[in-house]
Amino acid sequence: MLALELHKLSPEFYVQPTLDAARLLLGKVLVSGESSGLIVETEGYVGPDDPACHAYVGRTRRNQVMWGKPGHAYIFFTYGAHFMLNVVTEREDYPAAVLIRAVEPVLGLEIMRQRRNLHLLRSRPLDRNLTNGPGKLCKALDIIAELNGISLQSDRLFIAEPPPEIALPPFQIIGTTRIGITRGTELPWRYYVKGNRYVSRL
DNA sequence: GGGCTGATTTGCT
DNA sequence: GCAAATCAGCCCG
């Protein structure tokens with residue numbers, strides 16, 4: 001099984017500044033159970049002074065994981081319909097995280113199509129539609145509320161250095177403003193792999 | 001290919 | 001009450 005060959009990112013990786021982590025996570029492989037994908041788009045949400053960060057309003061039950069230890073998954077529900085996956089960064093008691101916005105599917109394509117209900121569409125869907133958005137990738141990879149707060153050293157959900165046979169070719173990183181927010185819109189804290197088909201939008 | 005709408009949780013005003 | 005780190009289905013053309 002692929003998971004056994006992978007080298008998980010160390011707990012120390014997540015301690016570094018959030019925007020550094022956001023850039024370095026591009027090209028890494030996100031593994032959730034039997035499904036996995038290469039991270040191609042991220043956003044940083046950085047601390048209590050970032051108006052777009054959930055922790056801007058202080059600690060709540062919903063955002064408490066962000067204030068906890070780095071290297072854990074902050075998963076929240078929004079728009080009454082979708083889950084989003086973040087990885088907590090920096091030190092404990094400083095609320096910061098990287099939102100995973102898109103991945104390129106690697107393993108488990110068929111189960112991803114089933115979870116996304118794309119296997120029964122008439123016009124054959126492009127597989128780029130499986131995981132090219134934060135809500136879509138959570139659905140495709142079965143990332144659910146029960147995993148909120150889980151350690152990324154766990155075998156159920158983790159991030160690893162991709163082995164050469166699945167790694168992206170060398171890429172450039174594009175930085176832009178973040179998507180889907182109304183405050184902090186001027187901050188260029190979104191990053192994506194230039195030219196990758198699975199980026200949610202340009 | 002674009003615009004509108006519903007899904008229906010969480011937390012603030 | 002309503003806006004939110006969204007998406008799919010529908011309408012229209």
When the distance from [atom1] of [X] to [atom2] of [N] is rounded to whole Å, what number comes out?
X	N	atom1	atom2	result
A:Glu41	C:dT6	CD	P	10 Å
A:Asp50	C:dA4	CG	P	15 Å
A:Leu130	C:dA8	CG	P	10 Å
A:Asn132	C:dA5	CG	P	20 Å
A:Ile181	C:dT6	CD1	C1'	14 Å
A:Leu85	C:dT6	CG	P	14 Å
A:Arg62	C:dA3	CZ	P	15 Å
A:Ile179	C:dA5	CD1	P	13 Å

So does A:Ser151 get a backbone contact from the side chain of A:Ser154, meaning a donor-acceptor N/O pair under 3.5 Å?
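Such a contact is found between A:Ser154 side chain and A:Ser151 backbone.
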Donor-acceptor pair, side chain of A:Asn63 and main chain of A:Gly58, under 3.5 angstrom
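Yes; judged by distance alone, with no hydrogens or angles, the pair exists.
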Paired nucleotide for B:dG11 [Watson-Crick or G-U wobble; both distances under 3.5 Å]:
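In the structure as shown, B:dG11 has C:dC2 as its Watson-Crick or wobble partner.
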Side-chain N or O of [X] closer than 4.0 Å to phosphate OP1/OP2 of [N]:
X	N	answer
A:Thr182	C:dA3	no
A:Arg101	C:dT6	yes
A:Arg190	C:dA5	no
A:Lys139	C:dT6	no

Sugar-phosphate, base or nothing in reach of A:Arg61, heavy atoms under 4.0 Å:
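The answer is sugar-phosphate, as A:Arg61 gets under 4.0 Å only of primed atoms, P, OP1 or OP2.
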Pick base, sugar-phosphate or nothing for A:Tyr79, based on heavy-atom distances below 4.0 Å to the nucleic acid.
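Result for A:Tyr79 = base.
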Taking the nucleotide of DNA chain C with the closest heavy atom to each, which residue, A:Gly133 or A:Thr78, is nearer the 5' end?
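It is A:Thr78 whose nearest nucleotide is closer to the 5' end.
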Taking a hydrophobic cluster as the set of Ile, Leu, Val, Met, Phe, Trp and Tyr residues connected by side-chain heavy atoms closer than 4.5 Å, whether directly or through intermediates, do A:Val57 and A:Trp67 fall within one such cluster?
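Per the 4.5 Å side-chain linkage, A:Val57 and A:Trp67 are not co-clustered.
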Write down the distance separating the P atoms in C:dA3 and B:dC4, rounded off to the nearest Å.
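It works out to 16 Å between them.
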Please state the P separation for the pair C:dC2 and B:dT5 - nearest whole angstrom.
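One P to the other, the span is 15 Å.
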What residues form a side-chain hydrogen bond (donor to acceptor under 3.5 Å, both in side chains) with A:Lys28, not counting sequence neighbours?
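Once residues adjacent in sequence are excluded, A:Lys28 has no partner under the side-chain hydrogen bond (donor to acceptor under 3.5 Å, both in side chains) criterion.
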Strictly by modelled atom types, are A:Arg156 and A:Ser32 linked by a side-chain donor-acceptor pair under 3.5 Å?
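Indeed, the side chains of A:Arg156 and A:Ser32 share at least one donor-acceptor pair under 3.5 Å.
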Can A:Ser10 and A:Glu12 be said to form a side-chain hydrogen bond (donor to acceptor under 3.5 Å, both in side chains), step by step?
CA-CA 5 Å; A:Ser10 72; A:Glu12 291 73 34; 3.2 Å; yes
Within the 4.5 Å heavy-atom criterion, are A:Leu25 and A:Phe13 side-chain neighbours or not?
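A side-chain contact exists here, since the closest heavy-atom pair is under 4.5 Å.
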Option passing salt bridge (Lys or Arg N to Asp or Glu O under 4.0 Å) with A:Glu41 (candidates A:Arg201, A:Lys136, A:Arg101)
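Checked A:Arg201, A:Lys136, A:Arg101 against A:Glu41; only one passes salt bridge (Lys or Arg N to Asp or Glu O under 4.0 Å): A:Arg101.
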Which nucleotide span of DNA chain B, 5' end to 3' end, has atoms closer than 4.0 Å to non-hydrogen atoms of chain A?
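Nucleotide range with atoms under 4.0 Å of chain A: B:dA7 to B:dC12.
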